[in-house]
Amino acid sequence: MTASSIQEPYFLVTTDFVESWPQGKKLLFIDQQLLTPLKSKNIAEYELIDNALEDEFVKTEKNHFTTALSRKLLPCVTSYLNELHKTDHDIPYWTLCINLWLTNFVDVLLQRWDMTTAIGVSPHTIRYRVYPVNQNLICPNTSRDLVKLSQSAAWNHHMFAEILNERNLATIEVADSAIDWSSEVLTHQNSKIIQSTKGAIYKFLQKRVARFSESIISATYLPRKSEWLLAFKLRSLPIRWFEPSIDHTNIDFDFRNSVKLTGISSSEFETFIRKLLPLHLPRAVVENFKEINHQIVAMNLPKIPKVIFTSNLHNSSDTFAIWAARCQQSGTRLVIGQHGGLFGQTSPPTRNEFQELAIADKYLSWGWDDGAPNLVRGPTFITLGAKQLRRLSVPTDLVLITDGLYKYSRRPWSTSTENTLYLSNLFDFVHQLPVSIQSSLLVRLYKGHEHFDSKQVARWTEFEEQIRVDNGEQPIQNLRKNAKLIICTTLGTSEVEQFYSKIPTVIFLDLKIVHLRQSMIPVFKLLEQAGVVHYSVESLVNHITSVWDDVDSWWNMPKTQEAVSNFQSKFAQQIPDGLRFIVNEIATDD
């Protein structure tokens with residue numbers, strides 16, 4: 001065999017962190033969203049693994065698989081944590097504390113696992129150069145850290161190394177140099193409370209009033225005035241959750257390995273997940289669990305209130321989740337309110353929707369109902385008691401509200417091709433708009449997009465230098481005031497707020513990306529017939545062009561308002577005396 005006949009290997013690239021790309025080598029990119037830095041790098045030769053768009057059936061099947069696997073693993077994790085801490089908490093306790101993290105962890109690992117499958121059929125010889133990553137950098141401090149960790153180069157580089165090694169799909173080559181991953185690891189830090197005089201007074205009152213209340217009200221997603229009125233009716237104060245300061249220690253490997261995760265695997269992937277779980281459980285439920293429980297005692301919270309009502313804290317604070325789980329175990333009822341749009345509309349449901357229905361004794365939706373026994377159709381919290389926004393007398397802008405595009409998928413299926421299609425649709429829309437309307441366009445980016453997506457500002461300005469782009473930092477209310485028409489490009493909270501304030505709004509959805517629940521299709525059919533919802537670029541452009549000279553006349557047509565009202569009755573319900581409704585639901589057991 002001659003030297004020229006030996007096939008030169010391709011080095012697999014799994015992140016866009018160019019410092020980890022082997023220099024002077026042929027590169028094989030696992031995902032097209034990693035190609036962004038190519039323009040500034042002199043890469044001699046590279047190939048891209050094709051990631052096809054996955055249809056609704058495939059997504060649903062993957063979602064079912066990870067849901068079933070998470071449910072199977074939860075009792076094993078429960079036994080592991082109980083043995084580790086010498087406790088006897090039941091499965092519902094640990095469901096509240098850790099299940100959302102567990103399900104998300106299984107989701108993102110399956111997606112990376114499936115991505116590597118294409119390597120096994122590649123005609124190339126594949127190598128993977130591994131740069132060591134400190135386990136302390138990629139093990140989450142809290143449950144919510146996984147969202148940002150899964151968008152970091154360090155976490156993904158390490159996880160792909162683990163998968164490739166487990167599946168023996170590439171020759172692993174340990175680098176002889178180190179990389180500083182710290183700039184690529186994004187985790188939540190405990191926010192430091194600036195102790196103002198007002199804050200100190202409130203904290204003083206809270207300790208002496210709220211801790212004696214039978215009803216604990218916090219982070220409800222209601223406007224502030226409505227939240228105060230609700231608490232007053234329940235003879236309480238709204239709790240400001242002062243997160244205790246926790247010194248997140250390094251991983252204690254001996255402690256974590258002192259207990260074995262029990263259970264029998266039924267797939268290669270499950271075997272892999274079981275190996276990783278003890279090393280990746282959040283420190284909040286391992287090393288810091290005892291300290292968090294000590295801090296809870298010092299917070300002077302009620303030991304066993306009759307009811308806890310929140311819309312956000314169960315997701316944003318492990319300390320709250322641990323306290324609420326202990327209360328619920330002792331008989332406290334946990335009532336959770338919906339905290340944003342999208343719930344009840346898409347298939348498969350979001351993980352937050354799954355989790356909240358699983359842990360709540362009662363769940364208050366904004367109007368939708370899927371038949372869950374603990375679900376009650378309630379009012380839309382975000383607009384309850386809020387003032388309707390007044391626009392300028394002669395608004396001029398066409399505001400395009402975009403979604404955040406995560407670089408690395410957060411679901412069990414690949415979102416890379418979806419993101420490419422999503423942006424391509426928006427660019428096509430702008431390109432097809434008449435110049436006279438295009439000059440009125442303002443693109444509103446997702447707040448915080450720069451932390452996790454693929455440099456949207458650069459991509460928009462590269463597409464059209466003259467386009468106006470809002471980076472998402474200023475309050476969206478400022479943009480709504482001068483909006484002649486607003487385009488929502490995903491289902492969320494924006495359209496709910498705009499419908500409430502009677503601001504002309506259209507929704508653009510690509511049904512290859514967004515899958516509506518069958519039970520909700522009639523609602524969207526009416527919106528489509530009224531010109532409020534569009535499923536193609538051509539339909540959207542034609543509609544905007546036809547109504548632009550007199551948007552309000554179209555918006556105020558009976559057909560349009562009937563369709564919007566029908567949507568609101570299902571997903572943004574307005575109930576007379578909505579506060580009284582919530583009070584009654586919180587106060588009653590059934």
Side-chain angles (χ1 to χ4, degrees), residues 6-38 41 43-49 51 105 108-140 145-146 148-187 250-251 253 256-257 268-269 271-280 407-409 414 416:
I6 300 175
Q7 186 183 45
E8 184 179 351
Y10 275 75
F11 281 78
L12 186 67
V13 175
T14 59
T15 79
D16 68 347
F17 194 45
V18 295
E19 285 80 352
S20 67
W21 297 6
Q23 300 299 308
K25 303 292 185 181
K26 293 181 177 180
L27 303 181
L28 178 63
F29 289 87
I30 202 166
D31 191 344
Q32 61 186 333
Q33 291 197 166
L34 309 179
L35 299 177
T36 304
L38 273 180
K41 298 295 175 182
I43 304 298
E45 188 173 349
Y46 74 90
E47 289 190 17
L48 172 67
I49 294 175
N51 292 298
F105 186 69
V108 296
L109 261 296
L110 178 70
Q111 192 274 328
R112 275 67 167 174
W113 178 277
D114 281 351
M115 287 183 83
T116 64
T117 301
I119 298 170
V121 296
S122 172
H124 305 299
T125 300
I126 308 298
R127 291 186 181 178
Y128 190 56
R129 183 169 294 174
V130 176
Y131 293 86
V133 179
N134 187 328
Q135 186 71 27
N136 286 296
L137 285 178
I138 58 173
C139 178
D145 281 344
L146 179 61
K148 288 190 174 182
L149 280 173
S150 67
Q151 301 308 306
S152 72
W155 190 92
N156 280 280
H157 180 84
H158 174 81
M159 288 304 184
F160 275 112
E162 295 277 12
I163 293 170
L164 292 168
N165 185 59
E166 179 76 14
R167 304 189 74 182
N168 196 27
L169 291 174
T171 300
I172 304 296
E173 179 183 289
V174 179
D176 56 7
S177 59
I179 286 180
D180 180 9
W181 293 104
S182 57
S183 64
E184 282 295 313
V185 178
L186 303 168
T187 59
N250 287 335
I251 293 175
F253 292 99
R256 288 178 178 244
N257 292 326
E268 185 184 2
F269 176 68
T271 299
F272 173 67
I273 283 284
R274 288 179 177 278
K275 289 179 181 178
L276 293 189
L277 274 173
L279 288 180
H280 288 271
K407 233 181 333 188
Y408 308 97
S409 181
S414 176
S416 172

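Using a 4.5 Å heavy-atom threshold, the side chains of Y128 and T14 count as touching. Contact of the S409 side chain with the R112 side chain is registered, since non-hydrogen atoms from C-beta on lie closer than 4.5 Å. Between Y408 and Q33, every side-chain heavy-atom pair lies at or beyond the 4.5 Å cut-off. Side-chain contact check for L109 versus I163: some heavy-atom pair is nearer than 4.5 Å. V108 is listed as a side-chain neighbour of W155, based on a closest heavy-atom distance under 4.5 Å. Annotation: side chain of D145 is not in contact with side chain of K148 (no heavy-atom distance under 4.5 Å). The closest side-chain heavy-atom distance from L12 to L27 is not below 4.5 Å.
Checked against side chain to side chain donor-acceptor pair (under 3.5 Å), E166 has the following partners two or more places apart in sequence or in another chain: K275. Checked against side chain to side chain contact (heavy atoms under 4.5 Å, CB included), Q32 has the following partners two or more places apart in sequence or in another chain: L35, L48, S416, T417, T420. Listed by chain and number, the residues in a ring pair (Phe, Tyr, Trp, His ring centres under 6.0 Å) with F105 are W101, H280 (sequence neighbours excluded). Under the side chain to side chain contact (heavy atoms under 4.5 Å, CB included) criterion, I179 pairs with F17, E19, S20, Y131, W181, not counting sequence neighbours. When the salt bridge (charged side-chain N to carboxylate O under 4.0 Å, His left out) test is applied to R127, the partners found at least two apart in sequence or on another chain are E173. By the side chain to side chain donor-acceptor pair (under 3.5 Å) test, S122 is found to be paired with no residue, residues two or more places apart in sequence or in another chain being considered. Applying the side chain to side chain donor-acceptor pair (under 3.5 Å) criterion to T117, with sequence neighbours excluded, gives R167. For the side chain to side chain contact (heavy atoms under 4.5 Å, CB included) test, residues two or more places apart in sequence or in another chain that qualify with N136 are N134, N250, I251, R283. Scored by the ring pair (Phe, Tyr, Trp, His ring centres under 6.0 Å) test, F11 finds no partners at all (sequence neighbours excluded). In this structure Q111 satisfies the side chain to side chain donor-acceptor pair (under 3.5 Å) test with no other residue, sequence neighbours excluded.
Atom CD of E268 is separated from atom CD1 of I273 by 12.0 Å, given to the nearest 0.5 angstrom. Here the straight-line distance linking atom CD1 of I138 with atom OG of S152 works out to 8.0 Å at 0.5 Å rounding. Interatomic distance, H158 NE2 to L149 CG, rounded to the nearest 0.5 Å: 11.5 Å.
Nearest heavy atom pair, residue K25 against residue R129, reads CE-NH2, 4.1 Å. Closest approach of W21 to V13, counting heavy atoms only: NE1-CG1, 3.2 Å. Summarising the geometry of T15 relative to H157, their closest heavy-atom pair is CG2-N, 3.8 Å, with the distance given to 0.1 Å. Closest non-hydrogen pair, A161 versus I172, comes out as O-CD1, 4.4 Å. Here the closest non-hydrogen pair linking C139 and R256 is SG-NH2, 3.6 Å. Of all heavy-atom pairs spanning L169 and G120, the tightest one is CD2-CA, 3.9 Å.
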**OP:** Give the C-alpha distance, both sets of side-chain angles, the deciding distance and a yes or no for side-chain contact (heavy atoms from CB on, under 4.5 Å) between T116 and F160.
**Re:** CA-CA 8 Å; T116 64; F160 275 112; 3.8 Å; yes

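Checked by atom type, the side-chain pair E47/H124 shows a donor-acceptor distance below 3.5 Å.
Every pair passing salt bridge (charged side-chain N to carboxylate O under 4.0 Å, His left out) that includes a residue from residues 113-124 is listed here, sequence neighbours excluded: K62-D114.
For the side chain to side chain contact (heavy atoms under 4.5 Å, CB included) with F29, the lone residue among I49, D16, L34 that qualifies is L34.
Side-chain atoms of N168 never come within 3.5 Å of backbone atoms of L164 as a donor-acceptor pair (strictly under, hydrogens ignored).
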